[in-house]
Colleague: 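Shown below is the structure under consideration.
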Amino acid sequence: MKYGFVKAAAATPRIRVADPSWNAEQIIAQIKQAKEAETEVLVFPELCLTGYTCGDLFGQRVLLDAAKESLRKIMQATETVRMLVFIGMPYEYKGKLYNVAAALFGGKVLALVPKTHLPNYGEFYEKRQFTAYFGENETAELFGEEVVFGNKICFTSRQNRDLVVAAEICEDLWAPQSPSLAHARAGATLIVNLSASDETAGKAEYRRLLLRGHSAKLVCGYVYADAGDGESTGDMAFSGHNLLCENGEILAESKLFENGITTAELDLEKINIERRRMQIFCDDAQEKGYATLWFDSNADSEKITRKFAKNPFVPEDAADMEKRAELILSIQTAGLKQRLLHTKVQSAVLGISGGLDSALALLVTVRVFDQLGWDRKNILTVTMPCFGTTDKTYQNSVALMNALGTTPRTVNIADSVRSHFKDIGHDESCKNAAYENAQARMRTMALMDIANDTNGLVIGTGDLSELALGWATYNGDHMSMYGVNASVPKTLVKYLIRWEAMRLGGEVGKILDSILNTEISPELLPPEEGKIAQKTEELVGPYELHDFYLYHAVRNGFSPDKVYFLAKYVFAQEYDAQTIKKWLQRFYVRFFSQQFKRSCLPDGVKVGSVSLSPRGDWRMPSDAVVAVWQRQIEQLK
């Protein structure tokens, strides 16, 4: 697939114990089914060619020979199948019996990967029949040809440089020193596990936790194929619990006790980018002795079914709303509280515009004062109407200041701005950048001086989305003494205010609802018939798009063409491709050109996985050129 995606699947066929020929037919049928779905990597359960529960029948040569012949049948049936397939089977090698994963591609066996850790406790007695393998890679004879035998193998795609596969088998995952640790250090981005894990009460949830944690620890994709219907139930039951994970997230999961194929598209480019960012798989930690076996994968398909969040900064599950909102607000509160205590100030000073950002900053400040037991009257809230202020935003700001019990002030800055125009010789009828920004800078000067006059701290209100786009007046609303919203994007600001409106209810809740329903605007141009004339999202683009671009371009490090591909897929019902491309181009141009504003940001606590602080997550020269990114966007169709 394109853009680093790989379609992988875990398959659980119905089997018959000790009947390899019949089992091979079921495996072939599922391979054909997976081929129709354009699957690139397909994983079957442990010992599925014979059945995991054969017991001492594994000592019978007739069964071992039948398993090899059935493997030959699968090879012949898949000569035209361009898919990397892993099948579990017993294999005799140098007088010992091994539990192996046979890796097939295009009708040939590329390698036999033996199991490392054999369980020999509870209901498991694998050491009775099998031998653990801890050696280096060797070669084994199979149907007159030599194949690699060993568990230090990376199966690597010629077409997709992000697709590097390695295998382990069932208990290997549970072991303290899992082979996949070495696989990941050797460069494997996708780990496959052929398993026969019996089902007991509580085990499914433990399996989920284990796989999520393991894939997160190794920063990898993980495909887990489990044995199911047809295994002997003399002492155990097998549920076919298949799971596909990506860096701590379960992408797909089968229902228990339902055989079939479970499929997901894994983003292995994202895995590699994350590994480079974390630098946990550095060159001097690379594993030695690994063989690279090449195969071909489908690099052209753009078909994708995977779900992506439209608002990646906002939790999709409503049940998580309270927990996530409280956590973020608590982080903001903790950051501001420490700064107020450290500076030993007597007041907090905020400019309240009647908009989203200043409302959130005020709500956080109120939480801090309540936690410290300070009087809310020492929160000095200032509304500063000027040429573009509408009655609605002014009334909302006054109502919110009063409802929260702060000390409100109204400072009309119109005369001061006009005096400033006179000082610099600016014609008020010329509504250019100087006309707009003089208002923002006058407001900041008023706040700074009020703070000095009251031994206070100016609390900044600007959010992460505005910082990304440079949608702030340099040395105006761009500047403060502490920015509580510095790493909170606009979509998350809305979410947090909506949550606070629900939590607080009453008059405050009504005011916050009114603010949520107000057009986003800096209000620096005169209203038209009493309504906002300057609508931010008409000028710079929809914030839901920009936050989507910001997350995938900065957090995931994706190229413009991949961000565009994802945006078209996710927002297909809301925006056409031309609109998405237009605002994507605007995002990159503004992101690069406005870095100088981010290079001198006030302090502000990080609340999520993306921050543009020059002291923390994002270090970028202010004179970096956007040309490379721009050229790729221009070529998009």
Colleague: Any Lys/Arg nitrogen of Glu428 or Lys422 sitting under 4.0 Å from an Asp/Glu carboxylate oxygen of the other?
Modeller: no
Colleague: Going by atom types alone, do Gln594 and Lys597 pair a side-chain donor with an acceptor below 3.5 Å?
Modeller: yes
Colleague: Decide, yes or no, whether a salt bridge links Arg498 with Asp513 under the criterion of side-chain N to carboxylate O below 4.0 Å.
Modeller: no
Colleague: Closer than 3.5 angstrom, by distance alone: can the side chain of Thr444 be matched with the main-chain N or O of Gly476 as a donor-acceptor pair?
Modeller: yes
Colleague: Taking C-beta and beyond as the side chain, do Phe369 and Asn378 meet within less than 4.5 Å on heavy atoms?
Modeller: yes
Colleague: Checking the side chain of Gln346 only, and the main-chain atoms of Asn455 only, is there a donor and an acceptor separated by less than 3.5 Å?
Modeller: no
Colleague: Compute whether any side-chain donor of one residue and acceptor of the other, for Glu544 and Tyr575, lie under 3.5 angstrom apart.
Modeller: yes
Colleague: Would you mind checking if Lys490 and Glu466 are paired as a salt bridge, meaning a charged N to carboxylate O distance below 4.0 Å?
Modeller: yes
Colleague: Would you mind checking if Glu436 and Lys431 are paired as a salt bridge, meaning a charged N to carboxylate O distance below 4.0 Å?
Modeller: no
Colleague: May I ask you to say whether Arg324 pairs ionically with Asp317, meaning some side-chain N is under 4.0 Å from a carboxylate O?
Modeller: no
Colleague: Quick one: are Phe313 and Val488 in side-chain contact, heavy atoms under 4.5 Å?
Modeller: no
Colleague: Any Lys/Arg nitrogen of Arg306 or Asp267 sitting under 4.0 Å from an Asp/Glu carboxylate oxygen of the other?
Modeller: no
Colleague: Do Leu329 and Leu360 have side chains that get closer than 4.5 Å, going by heavy atoms?
Modeller: yes
Colleague: So does Glu253 pair up with Arg208, basic N to acidic O under 4.0 Å?
Modeller: yes
Colleague: Is there side-chain contact between Phe548 and Phe571, with heavy atoms separated by less than 4.5 Å?
Modeller: yes
Colleague: For residues Thr410 and Thr383, is any side-chain donor paired with an opposing acceptor at under 3.5 Å?
Modeller: no
Colleague: Can a donor-acceptor pair be found between the side chains of Ser215 and Asn247 at a distance below 3.5 Å?
Modeller: no
Colleague: Do Lys7 and Glu38 meet the salt-bridge criterion of a basic N to acidic O distance under 4.0 Å?
Modeller: no
Colleague: Taking atom types as modelled and ignoring hydrogens, do the side chains of Thr461 and Asp357 form a donor-acceptor contact shorter than 3.5 angstrom?
Modeller: no
Colleague: Do Thr536 and Ser521 meet the criterion of a side-chain donor-acceptor pair at a distance under 3.5 Å?
Modeller: no
Colleague: Salt-bridge test for Glu265 and Lys303: reply yes if a basic N is under 4.0 Å from a carboxylate O, no otherwise.
Modeller: no
Colleague: Could Lys606 and Asp617 be called an ion pair, given the rule that one side-chain N must be under 4.0 Å from one carboxylate O?
Modeller: yes
Colleague: Is it true that Asp547 and Thr491 share a donor-acceptor pair across their side chains at a distance under 3.5 Å?
Modeller: yes
Colleague: Less than 4.5 Å apart, any side-chain heavy atom of Glu269 and any of Phe5?
Modeller: no
Colleague: Spell out, as yes or no, whether a donor-acceptor pair under 3.5 Å connects the side chain of Gln632 to the backbone of Asp561.
Modeller: yes
Colleague: Does Lys510 offer a backbone N or O that forms a donor-acceptor pair with the side chain of Ser514 under 3.5 Å?
Modeller: no
Colleague: Between Tyr588 and Tyr549, is the ring centre distance below 6.0 Å?
Modeller: no
Colleague: Using 4.0 Å as the upper bound for N to carboxylate O, is an ion pair formed by Arg443 and Asp477?
Modeller: no
Colleague: Can you spot which of Leu380, Val484, Asn485, Thr381 makes a side chain to side chain contact (heavy atoms under 4.5 Å, CB included) with Ile459?
Modeller: Val484
Colleague: Indicate whether any N or O donor in one side chain lies under 3.5 Å from an N or O acceptor in the other, for Glu523 and Thr393.
Modeller: yes
Colleague: For residues Ser419 and Ser416, is any side-chain donor paired with an opposing acceptor at under 3.5 Å?
Modeller: no
Colleague: Out of the candidates Glu274, Arg276, Arg275, only one should pair with Met278 under the side chain to side chain contact (heavy atoms under 4.5 Å, CB included) rule; please name it.
Modeller: Glu274
Colleague: Between the side chains of Arg367 and Glu500, is the shortest nitrogen-to-carboxylate-oxygen separation below 4.0 Å, so that they form an ion pair?
Modeller: yes
